[in-house]
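Since the model is a prediction, treat every value here as computed from it, not as a measurement.
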Amino acid sequence: MSTATTPQQQTGDPGSAETPRATADTSAATGTHDAATGTPEPHARRFGLPVATALVMGNIIGGGIFLLPASVAPYGTISLVAFGVLTLGALALALVFGRLARRDPRTGGPYVYAREAFGDFAGFLSAWSYWATAWVSNAALAVAAVGYLDVLIPVQESKAATIAAALTLQWLPALANFAGTRYVGAVQVVATVLKFVPLLLVAVGGLFFFDSANLGPFEASGEGTLGALSASAAILLFSYLGVESAAVSAGEVRDPRRNVPRATVLGTLAAAALYLLGTVSVFGLVAHDRLVDSDAPFTDAVNAMFGGAWGGAAVACMALVSMVGALNGWTLLSAQTPYAAARDGLFPKMFLRKRRGVPTVGVAVTVTLASLLTVYNYTAGSPRVFEILVLVTTFTATVPYLLSTAAQIHFLASGRGAEVHRGRLVRDATLAVLAFGFSMWLAAGSGYAAVYQGVLFLFAGVLVYAVISARRKAATEG
C-alpha cells in the first residue's frame with residue numbers, strides 16, 4: 001500500500017495560471033500498469049484528447065437529458081431559466097477542474113485535490129461522496145433507460161420485467177469495463193457519436209416545429225420563483241454530472257496537463273449547447289400536460305414533429321445506446337475514485353486490484369450496489385423513482401464539488417498564489433468562488449429529503465474512515 005507524497009514543483013508553463021506539479025506515483029498516474037508488478041497491462045491504453053472529450057461528453061450527455069425535460073416540466077418554463085443559470089455554473093466548475101487537473105494530473109480528480117489541500121479526512125469524504133454519486137447515478141441512468149426501452153419492448157407492464165431490464169442495462173457496461181480500457185474508450189466514442197443524432201434532430205429540427213402554446217405556465221409548482229428555480233436546478237444538475245470526468249481519469253489520459261483541461265471545457269461547452277436547444281425544443285413540441293407524465297419525452301417530441309411512431313422508435317433506439325454509453329463511462333469513473341483512495345490507504349486494499357487498466361473490484365462493487373439500489377427503489381413503490389435518485393445524487397455530488405473548489409481557493413489564498421500572474425489570479429479566484437457558491441446553492445435546492453439521506457450516508461462514511469484510519473495507525477506503529 002503506497003501513500004501519496006507531496007508533488008515536487010516543476011518549472012511553470014508561462015501560459016498557465018498555475019505551476020504544474022509532478023505526480024507522486026508514476027504507475028498511479030498512468031493507470032496502465034499492474035499495481036503489483038508495475039508491468040504494462042494488455043488491453044490498457046491511454047486516452048488522447050478526442051477520447052477524453054468523448055468521455056466528458058458521454059458522461060454529461062447520458063440518460064439525464066433524455067428524461068429530464070419531463071422531470072422539470074412540473075415546475076413550468078422557469079426550468080429553462082434554471083438550465084441557463086446551471087450552464088454558467090457548470091462552465092465555472094469545468095474551468096476550475098481544468099485548472100486543478102493542470103496542477104495535479106493524478107487519477108482520482110476531486111479526491112486528489114481535497115486530500116492534497118486538506119488532508120486524509122477531507123480526501124476520504126470527497127472519495128466517499130463521489131463514489132456514492134457514481135453508483136447512484138448508474139441506478140438513475142438505468143431507470144431512465146428503461147423508459148426508452150419500453151417504447152421498443154413493453155417491459156413496464158410488469159415490475160419484474162422492469163427490474164430485470166434495469167439490471168441488464170447496468171451489467172452490460174460493467175462487462176465492457178472488465179474487458180479493459182481499450183474497449184471502454186471504443187464504446188464511449190461510438191455511443192457519443194450515435195447520441196448526437198436524436199439530440200441534433202430535436203435540438204435543431206425541433207425549432208422549426210416549435211409551438212409556444214405547448215410551453216405551459218412560467219411557474220407551475222406553486223413554490224414561488226426562487227423555490228421553483230432552485231428545485232428545478234437541483235434536478236437538472238444531474239444532466240451536468242460528469243464535468244469532472246477527464247480529471248477523475250487523468251491518469252489514463254495522454255499529456256494530462258494539456259488534454260484534461262481542454263477536454264473538460266470542450267466537452268462541457270458542446271454538451272451545454274445541445275442541452276439548452278434540446279430542452280427548449282421539447283418544451284415547444286410536447287404539450288405541457290402531456291410532458292409532465294412522459295417517460296420518453298424525446299420520443300414524444302419526434303412523434304410530434306413527423307407524426308406516427310416510427311421516428312419516435314428510432315430515437316428511442318439511439319437514446320438507449322446513449323444511456324448505455326453513459327453507463328459505460330460512469331462505471332469506469334465509479335471505480336477510479338476508490339482505486340485512488342485505496343492507493344493512499346483510505347479505502348480497502350481490494351479496490352487496488354486492476355486488470356487490463358480497469359479497477360475490477362471497484363467496478364464489481366459499484367455495479368452491485370447500483371443494482372441493489374435499483375431493486376429497492378422499484379420495490380419501495382415510489383411513483384417517481386428517477387427524481388428521487390437524481391436528488392440524492394445532486395447532494396452527494398456537491399460534496400466533492402465544494403471540496404474541490406475550496407481546494408482551488410486554498411491554493412490561491414495560501415501564498416503560493418504569488419506564482420500566478422495577477423490578472424489570472426483574479427480570474428481563477430473569481431471562478432472558484434462562483435463555483436463554490438453555485439455548489440452551495442445546488443445543495444440547498446436538493447430538498448430536505450435528499451439532504452437528509454445524503455448526510456446519513458456521509459455519517460456512515462465517517463464510521464468506515466474510523467476503522468480504516470485505526471488500521472493504518474496500527475500498521476504504522478507496528
Side-chain angles (χ1 to χ4, degrees), residues 2-26 28-29 89 91-130 243-244 246-248 250-251 256-258 260-261 264-265 337 340-341 343-346 397-443 458 465 469 472:
S2 63
T3 56
T5 57
T6 303
Q8 301 297 316
Q9 295 184 5
Q10 296 179 329
T11 302
D13 176 4
S16 69
E18 293 146 2
T19 303
R21 304 169 73 183
T23 59
D25 185 336
T26 301
L91 287 173
L93 275 174
L95 290 167
V96 170
F97 276 116
R99 305 316 299 168
L100 288 165
R102 181 184 290 274
R103 191 170 73 248
D104 196 344
R106 284 179 289 171
T107 292
Y111 155 74
V112 171
Y113 313 141
R115 183 172 184 261
E116 180 69 17
F118 308 120
D120 286 351
F121 184 61
F124 172 83
L125 282 182
S126 182
W128 182 261
S129 298
Y130 191 80
V243 296
E244 73 292 332
V248 173
R257 288 193 176 93
R258 179 182 178 87
V260 168
T264 300
V265 175
T337 296
R343 186 189 63 215
D344 296 330
L346 299 180
T398 58
V399 175
Y401 287 176
L402 284 167
L403 288 171
S404 295
T405 52
Q408 174 74 334
I409 294 170
H410 172 80
F411 169 76
L412 296 173
S414 64
R416 294 171 59 195
E419 303 167 6
V420 183
H421 184 276
R422 179 175 295 275
R424 288 176 178 168
L425 173 62
V426 173
R427 179 200 65 186
D428 286 357
T430 301
L431 283 172
V433 170
L434 287 174
F436 186 88
F438 171 72
S439 299
M440 286 286 289
W441 174 54
L442 288 170
L458 288 179
Y465 178 80
S469 178
R472 288 182 70 201

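- Contact check for Val399 versus Leu403: side-chain heavy atoms found under the 4.5 Å cut-off.
- Nearest heavy-atom pair, Ala94 versus Thr264, reported as atom, atom and distance to 0.1 Å: O-CG2, 3.3 Å.
- Residues forming a side chain to side chain contact (heavy atoms under 4.5 Å, CB included) with Ile409 (at least two apart in sequence, or on another chain): Ala432, Val433, Phe436.
- Taking the side chain as every heavy atom from C-beta outward, Gln408 and Tyr113 never approach each other to under 4.5 Å.
- Listed by first and then second residue, the salt bridge (charged side-chain N to carboxylate O under 4.0 Å, His left out) pairs that reach into residues 117-127 are Arg115-Asp120, Asp120-Arg472, sequence neighbours excluded.
- Using a 4.5 Å cut-off on side-chain heavy atoms (C-beta onward), Ser439 and Leu93 make contact.
- Here the shortest heavy-atom pairing between Ala127 and Tyr111 reads CB-CD1, 3.7 Å.
- Note: Thr405 OG1 to Arg99 CZ = 15.5 Å, rounded to the nearest 0.5 Å.
- Considering only heavy atoms from C-beta on, Met440 comes within 4.5 Å of Leu402 through its side chain.
- Once rounded to the nearest 0.5 Å, the distance linking OG1 of Thr398 with CZ of Phe438 reads 10.5 Å.
- For Ser126 (side chain) and Gly123 (main-chain N/O), no donor-acceptor pair under 3.5 Å exists by modelled atom type.
- Residues His410 and Glu116 fail the side-chain proximity criterion, which asks for heavy atoms closer than 4.5 Å.
- Ser404 places none of its side-chain heavy atoms less than 4.5 Å from the side chain of Val96.
- Summarising the geometry of Val112 relative to Asp104, their closest heavy-atom pair is CG1-OD2, 3.4 Å, with the distance given to 0.1 Å.
- Counting heavy atoms from C-beta outward, Leu458 and Ser129 have side chains that approach closer than 4.5 Å.
- To the nearest 0.5 Å, atom CG of residue Leu95 and atom CG of residue Leu100 are 11.0 Å apart.
- Taking the six-membered ring for Trp, Tyr465 and Phe121 have ring centres closer than 6.0 Å.
- Contacts of Tyr401 classified as ring pair (Phe, Tyr, Trp, His ring centres under 6.0 Å), with partners at least two apart in sequence or in another chain: Phe97.
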